[in-house]
Colleague: 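Structure incoming, see below.
Chain A is the first sequence line, chain B the second, and so forth, proteins listed ahead of strands; every chain is numbered from 1.
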Amino acid sequence: MGNIMTVIIYGVLFSYLLAGILYLGGNLKSKASFFKYALVLAVVGCVLHFALLVMRTLLTGMLPLTNGSEFLLTFAWVTVLIYLILSYRYEIQAAGGVVMLLSALMVFVLIALTGGSLHAVAPLMPALKSPWLTVHVITAAVAYSAFTVAAGLAVIQFFPVGHGIKEHHMNLLVKCGFALLSLSIVLGAIWAEQAWGRYWSWDPKETWALITWLIYAVYLHLYRNREWRGNNARWMVIIGFLLVMFTFFGVNYLLPGLHSYA
Amino acid sequence: MEHVRKVFKFISSMKTGLVVLVLIGLVSAIGSAVFPRTFFETLFFKLLLLLLLLNMFLCTVNRIRLTVRSLLAGPGRKVWYRNWGILLLHLGIVFILLGGMMYSAYGQNNRIHLAAGERVNMQRVLDIEHSFTLQLNEFRIEFNEDGSPSQYVSEVTILEEGQKVKQVAISVNHPLNYKGVKAYQYSFGFMINAEYVAEDGEEKSGSFVEGALLQPGGTERKVKIFKYIPNFNPAHGMNTVTLRPDNPRIIFSVYEGDKFLGVGAAAFNEPVEIDENVNVTFTGVEPYTVLEVKHDPGLPLVLAGGITLMLGVCLALLTAPGRKSNNDHR
């Protein structure tokens with residue numbers, strides 16, 4: 001199954017990359033057909049990506065949420081899924097290029113980190129053996145994805161092609177992401193209390209997750225009071241996304257701590 | 001009176017709250033990078049959290065007023081959910097901060113080392129009212145097929161006034177919770193059993209910690225017990241291949257005075273010749289467990305706060321999509 005998985009993940013990368021380029025091309029040339037092909041490619045990539053998640057689940061007998069690579073795989077898939085669901089309901093395809101290229105980048109980083117081999121199976125370490133694992137990590141992955149799509153909407157709104165995108169769609173994504181990040185942090189704290197005896201230890205992951213949570217909290221207050229809309233709100237959503245990226249990559253791969261499972 | 005009102009208004013304003021949030025974020029980022037161990041213990045940081053607590057407490061009281069008023073006005077169901085959600089969210093954070101403060105003020109923790117058969121009176125490690133004793137019956141490591149650890153288990157008996165009350169297995173993710181004291185599987189270690197003839201000519205056998213120095217009789221040489229390696233492979237050096245004892249060895253070194261003579265890896269029950277007719281035999285190892293014990297009177301409040309926060313966030317989210325946000329936009 002390992003070889004098939006390697007082939008599929010390159011297929012996913014290729015689909016997302018091409019979809020992203022076509023979306024951007026559609027923006028530049030304003031050709032509707034570009035968007036149509038881009039959408040088909042994004043859907044194909046998403047289905048292949050889902051197949052990978054299923055295969056990984058069958059391989060390990062657990063949902064693919066137990067280490068940094070699996071998290072990245074799930075995170076990238078949910079990002080595309082959220083984008084596809086939203087673009088079905090709302091006019092947000094102008095942001096398709098940014099979102100698909102970000103997802104392609106995540107898949108690329110995953111390939112770079114694992115060498116494309118997704119079939120390695122290692123037993124769970126005792127600290128991870130907990131029913132809290134699934135809910136803590138799923139909420140984090142979906143929250144990160146919502147923030148990523150929100151950042152995609154924020155970036156494209158700086159350009160003329162993005163002017164059709166409604167600000168409250170970005171705000172909706174941030175709200176959902178914030179709610180899920182809140183759940184993830186609380187569930188993680190409950191778990192940490194059981195596993196290590198401390199619900200909060202200020203380890204790098206906790207600290208940076210809190211910083212991320214704080215910036216979105218400030219954003220939500222300012223947005224609600226109509227104080228910061230437009231470019232200021234967009235910048236905050238982009239900075240929030242960069243913090244999410246640092247909380248994931250920076251903390252997992254640069255700063256040692258309790259969360260160094262990757 | 002006017003001053004008091006102004007100070008009150010300043011502390012309870014949302015602007016102050018947001019500034020405090022941004023400050024906490026900034027100093028956490030800098031503090032954790034520069035002083036990772038100590039920063040969050042400093043008075044400065046604790047005062048910042050206290051200011052946040054004050055601000056959020058007052059802001060929550062304000063919100064309660066607003067929420068009750070909106071309840072009386074009989075608005076749509078969505079607004080109702082949303083207001084309650086936001087109120088609960090803030091209330092949850094207030095509870096968490098209060099509970100955290102209770103831990104800083106009255107919480108205690110400590111670590112205990114126990115080998116099989118050893119016991120400890122909890123009142124000797126924690127300042128608690130209710131006395132009970134913890135006795136370790138067995139510490140064991142369970143393994144996966146590949147030799148990696150799958151679980152660490154401390155089988156303990158709880159005794160009160162010498163009487164057995166109950167038997168519990170403490171393992172990672174399954175702490176003991178007894179009369180306000182929680183005990184967690186924190187770590188473990190090994191004592192090394194050795195036999196040798198001492199200087200007075202007596203046969204000696206005992207359990208030693210890693211790093212202990214043995215002084216056998218009939219020689220000037222000393223043996224330092226360096227380390228227990230459960231699964232020894234020279235290619236891995238001083239690191240064990242797996243935690244499972246597939247090839248256990250004791251790493252020891254021999255000295256004469258201050259002079260280092262050599263290092264070796266001894267199997268169990270295999271006499272090691274230190275000098276002519278002087279032997280040391282390592283007969284095995286005895287594991288001990290390390291438990292983290294904690295008394296935190298703020299824990300129920302923090303848990304209630306966490307649940308309240310999650311409930312609030314879900315309620316507020318239920319109202320997020322749909323027409324309401326369109327109205328918001330206009």
Side-chain angles (χ1 to χ4, degrees), chain A residues 89 121-133 166-169 171-172 175-176 178-183 185-187 189-191 193-204 206-208 210-215 217-218 220-227 229 243 246 255 257, chain B residues 14 17-19 21-22 24-26 28-29 31-33 36-37 39-41 85 89 92 96 99-100 103 109 141-142 144-146 148-152 171-175 182-186 292-294 296 299 302-303 305-307 309-310 312-314 316-317 320-321 325-326 328-329:
Chain A
R89 277 195 68 178
V121 181
L124 276 191
M125 59 187 281
L128 291 183
K129 286 187 177 164
S130 164
W132 298 110
L133 171 76
K166 296 206 171 58
E167 199 170 26
H168 71 261
H169 289 149
N171 188 53
L172 175 67
K175 268 190 195 167
C176 294
F178 180 78
L180 287 161
L181 184 61
S182 310
L183 293 183
I185 291 175
V186 174
L187 293 167
I190 292 174
W191 181 14
E193 202 281 329
Q194 270 193 4
W196 301 310
R198 319 191 104 197
Y199 48 84
W200 196 265
S201 343
W202 295 106
D203 97 312
E206 289 169 353
T207 306
W208 282 96
L210 180 69
I211 294 170
T212 309
W213 187 83
L214 287 175
I215 192 166
V218 170
L220 287 172
H221 284 89
L222 291 176
Y223 187 91
R224 194 173 144 78
N225 286 356
R226 287 154 222 271
E227 282 173 48
R229 299 242 168 144
L243 283 172
F246 183 75
L255 302 170
Chain B
M14 189 165 94
L18 292 183
V19 169
L21 284 187
V22 170
I24 289 177
L26 275 177
S28 301
S32 69
R37 291 271 156 258
F39 177 73
F40 298 104
E41 303 287 327
L89 205 168
I96 291 171
Y103 177 72
N109 51 328
I141 306 174
E142 292 166 0
N144 298 309
E145 263 174 44
D146 66 355
S148 61
S150 96
Q151 190 52 281
Y152 308 100
S171 60
V172 180
N173 277 313
H174 301 94
K182 294 191 85 172
Y184 305 82
Q185 183 62 52
Y186 179 78
E292 165 104 13
V293 288
K294 183 179 87 173
D296 179 3
L299 194 58
V302 173
L303 182 62
I307 292 169
L309 193 165
M310 292 197 288
V313 127
C314 293
L317 187 72
S325 40
N326 271 327
D328 245 12
H329 190 56

Colleague: Show the nearest heavy-atom pair for residues A/Q194 and B/Y184, with the distance to one decimal.
Modeller: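 That would be O-CD2, 3.5 Å.
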Colleague: Please classify the contact of B/S32 with chain A as side chain, backbone, both or neither, using a heavy-atom distance under 4.5 Å.
Modeller: side chain
Colleague: Where on B/V302 is there a heavy atom nearer than 4.5 Å to chain A: the side chain, the backbone, both, or neither?
Modeller: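 Contact with chain A is through the side chain of B/V302 alone.
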Colleague: In terms of heavy-atom pairs under 4.5 Å, which option from A/S130, A/G197, A/A189, A/A217 contacts chain B the most?
Modeller: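 The option with the most such pairs is A/G197.
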Colleague: Do you know the tightest heavy-atom contact between A/Y199 and B/G100?
Modeller: OH-CA, 3.6 Å
Colleague: Measure distances from A/I190 to the heavy atoms of chain B and classify the residue's part below 4.5 Å as side chain, backbone, both or neither.
Modeller: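 Contact with chain B involves the side chain of A/I190 alone.
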Colleague: Determine the option with the most heavy-atom pairs under 4.5 angstrom with chain A, choosing from B/I24, B/L309, B/L299, B/L303.
Modeller: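 Winner by heavy-atom pair count: B/L299.
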Colleague: Fit a plane to each ring of A/W202 and B/F40, take the angle between them on a 0 to 90° scale, and name the class: parallel (under 30°), tilted (30 to 60°) or perpendicular (over 60°).
Modeller: parallel
Colleague: For A/V218 and B/V22, which heavy atoms make the closest approach, and how far apart are they?
Modeller: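 Looking at all heavy atoms of both residues, the shortest contact is CG2-CG2, 3.9 Å.
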Colleague: Step by step, would you call B/M310 with A/L187 a side chain to side chain contact (heavy atoms under 4.5 Å, CB included)?
Modeller: CA-CA 9 Å; B/M310 292 197 288; A/L187 293 167; 3.9 Å; yes
Colleague: On a heavy-atom basis, which atom in B/N173 and which in A/A195 lie closest, and how many Å separate them?
Modeller: OD1-CB, 3.3 Å
Colleague: To the nearest 0.5 angstrom, please state how far the CG atom of B/D296 sits from the CZ atom of A/R198.
Modeller: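 So the gap between those two atoms works out to 10.0 Å.
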Colleague: Need one label for B/Y103: side chain, backbone, both or neither, based on atoms under 4.5 Å from any heavy atom in chain A.
Modeller: side chain
Colleague: Could you look at A/I215 and say if it's the side chain, the backbone, both or neither that has a heavy atom under 4.5 Å from chain B?
Modeller: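 A/I215 has no heavy atom closer than 4.5 Å to chain B.
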Colleague: At a heavy-atom distance under 4.5 Å, which candidate from B/E292, B/H174, B/K182 has the highest pair count against chain A?
Modeller: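 Greatest number of close heavy-atom pairs with chain A: B/K182.
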Colleague: Could you tell me which non-hydrogen atom of B/S28 sits nearest to which non-hydrogen atom of A/I211, and how far apart they are?
Modeller: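 For B/S28 and A/I211, the tightest heavy-atom pair comes out as CB-CD1, 4.1 Å.
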Colleague: Can you establish whether the number of heavy atoms outside B/Y152 located under 6.0 Å from its atom OH is more than 12?
Modeller: yes
Colleague: Report which part of A/W132 has an atom under 4.5 Å of a heavy atom belonging to chain B: side chain, backbone, both, or neither.
Modeller: neither
Colleague: Could you check whether any side-chain heavy atom of A/P126 comes within less than 4.5 Å of a side-chain heavy atom of B/E142, counting everything from C-beta outward?
Modeller: no
Colleague: How far apart are the closest heavy atoms of A/P123 and B/S148, and which atoms are they?
Modeller: CG-OG, 3.5 Å
